[in-house]
There are 2 protein chains.
Amino acid sequence: MISKACKYGIRATVFVASKIELGIKLNVKEIAKEVDAPEAFTAKILQILNKHRIITSLKGPYGGFFIDQFQLEQPVINIVNAIDGMAVFRECGLGLEQCSEKHPCPMHNQYKIAREALLDAFQKTTIGQLASQLSDGTSFINNMELSSAAATD
Amino acid sequence: MISKACKYGIRATVFVASKIELGIKLNVKEIAKEVDAPEAFTAKILQILNKHRIITSLKGPYGGFFIDQFQLEQPVINIVNAIDGMAVFRECGLGLEQCSEKHPCPMHNQYKIAREALLDAFQKTTIGQLASQLSDGTSFINNMELSSAAATD
DNA sequence: ACCAAAAAGGATAATTTTATCTTAAATAGA
DNA sequence: TCTATTTAAGATAAAATTATCCTTTTTGGT
Ligand code: FES
Ligand code: FES
C-alpha cells in the first residue's frame, strides 16, 4: 500500500506536530520511542522530511525537530510524496506498466475507485488535523501496550 | 498495495479463464508470455493457484493449466488471499500493529474507507467477469506494445 | 516398458526495502 | 575557543520480495 518508511514518517510528523503548542524541539530518540519505530531508520526518515520542508530541524545542543505553523496546513499526501512519491496513485492495480482508460486492465474501473479513495484520504487531511486528534486523545500514534491491550480491546 | 506476485497471479488467472470456451490447456510459457511476467516466477505462482484450487493443472504431455466452470464464479479476492493473504484488508494504514476502533491511529477513519473500497473491488468481482471483458476486447491483460503505444495513448 | 512433455518442488541468486553503524558537520553554551 | 549535543551523510548489513535454475514427479503416447 504505502511503504513502512512512509508510515513511520507520518506517525513521526504527526507526533512532532502535536507538540507545536509546547514550543519544544524533539530529538530522534524521543520521536522514535514515541512512535514505536527503529531509531536509526527514523533518523533517516526525519532527514527526508526536513529536506522536503515537512518538518524543520536544528542541529546542535538544544536542537531537534519541530514544526512551524504553516507546515500544519500541509496535507498528509505531502509526506507520502516526499517518501514514496506519487506513483501508487497512478499505478495499475494489476501491475500493467501503465494505467490507462484506453488500454485498461480488467480491474481498472473497480480499482480506480479504491485508489482514488486512498488519494482522497491523504489529500483532504492536513497534518494539523491529525495532530489535534492526537492531542485530543481521540487517536493514537503508537501501539497499545500489551498490558492494557487485554482490557481495552 | 498488493504484491507483484499477486498481480501476476490475477493476470494469469484471468487469461487462463478467458480460454475456457476453447477447452484447451495452457502451459507456463504461453501464460507468462501473454501476461508479460517472468516465466519461472509465473510457474511458482501458478503452483500456488492450483493448490488453492483457483485454477487446475494437469501434468504430463498435453497437460497444462485450465479453469473449470465453477472456478469462474470465484471472486478475485480468492486469488489475493491465496497469494498475499487477507492482512492488507485489516492492517492499519499508518502501520500500527493492529487497527482498532478503540485505539485508532489518526488516519483510521479516512483510511478505512479506502481499504474497504479495495476489499469491495476484489470481493464483488468474479474471475469470470474479468475474463469476459478480456474476451470482449474491452480490457487487456498485457502491456501495450511500444509501437502502438504512441498511436493509442 | 520407454520416451517426451509438462508441472511440482527445492535450492539459489538478484533486487529492493528496511535497518544499523560510523563519521562528519553544525551549533549552543561554558 | 573548546566541548558536548544533536542532525546529516555515507557505508554497510539484514530481511523480504522477486526471480532463476535444476531436479523430480506425473502422465500420455509409442
Ligand atoms: S489499467 Fe489497471 S488499474 Fe488502470
Ligand atoms: S488504526 Fe490505523 S487504520 Fe485503523
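Each chain gets a letter, A, B and so on, in the order the sequences are listed, and its residues count up from 1.
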Return the polar atom pairs (N/O with N/O) between nucleotides 1-9 of chain D and the protein under 3.5 Å, or none.
unit_1, atom_1, unit_2, atom_2, d
dT5(D), O2, Pro61(A), N, 3.3
dT6(D), O4', Gly60(A), O, 3.2
dT6(D), O2, Gly60(A), N, 3.2
dT7(D), OP1, Val28(A), N, 3.1
dT7(D), O3', Ser57(A), OG, 3.1
dA8(D), OP1, Asn50(A), ND2, 2.9
dA8(D), OP1, Ser57(A), OG, 2.8
dA9(D), N7, Lys44(A), NZ, 3.2
dA9(D), N7, Gln47(A), NE2, 3.3

- Message: Expressed as a whole number of angstroms, how long is the span from Ile54(B):CD1 to dA7(C):C1'?
- Response: 18 Å
- Phe66(B) CZ to dA6(C) P: how many Å, rounded? 15 Å
- To the nearest angstrom, the NZ-P distance between Lys25(B) and dA5(C) comes to 16 Å
- Note on the structure: Taken to the nearest whole Å, NZ/Lys4(A) to P/dA14(D) is 17 Å
- Query: Taking CD1 from Ile83(A) and P from dT17(C), how many angstroms apart are they, rounded to a whole number?
  - Reply: 14 Å
- Query: Donor-acceptor pair, Gln71(B) side chain versus Asp68(B) backbone, under 3.5 Å?
  - Reply: yes
- Item | Ion pair check, Glu101(A) and Lys112(A), cut-off under 4.0 Å | yes
- Query: So, the side chain of Arg115(A) versus the backbone of Glu91(A): is there a donor-acceptor pair under 3.5 Å, distance only?
  - Reply: yes
- Query: What's the closest nucleotide to the Ala5(B) side chain, out of dT18(D), dA19(C), dA19(D)?
  - Reply: dT18(D)
- Message: Students often mix this up, so state it plainly: with edges at 30° and 60°, are the rings of Phe140(A) and His103(B) parallel, tilted or perpendicular?
- Response: parallel
- Message: Taking 4.0 Å as the cut-off, does a side-chain nitrogen or oxygen of Tyr8(A) come that near to OP1 or OP2 on dT18(C)?
- Response: no
- Expressed in angstrom and rounded to an integer, what is the separation of Ile45(A) atom CD1 from dA19(C) atom C1'? 10 Å
- For the pair Phe41(A) and Tyr8(A), name the ring-plane relationship: parallel under 30°, tilted 30 to 60°, perpendicular over 60°. perpendicular
- Message: Would you say Glu73(A) and Thr126(A) are linked by a side-chain donor-acceptor pair, where the criterion is simply a distance under 3.5 Å?
- Response: no
- Here the distance between atom P of dT17(D) and atom CE of Met1(B), to the nearest Å, is 17 Å
- Please state how far atom NZ in Lys7(A) lies from atom C1' in dA19(C), giving the value in whole angstrom units. 17 Å
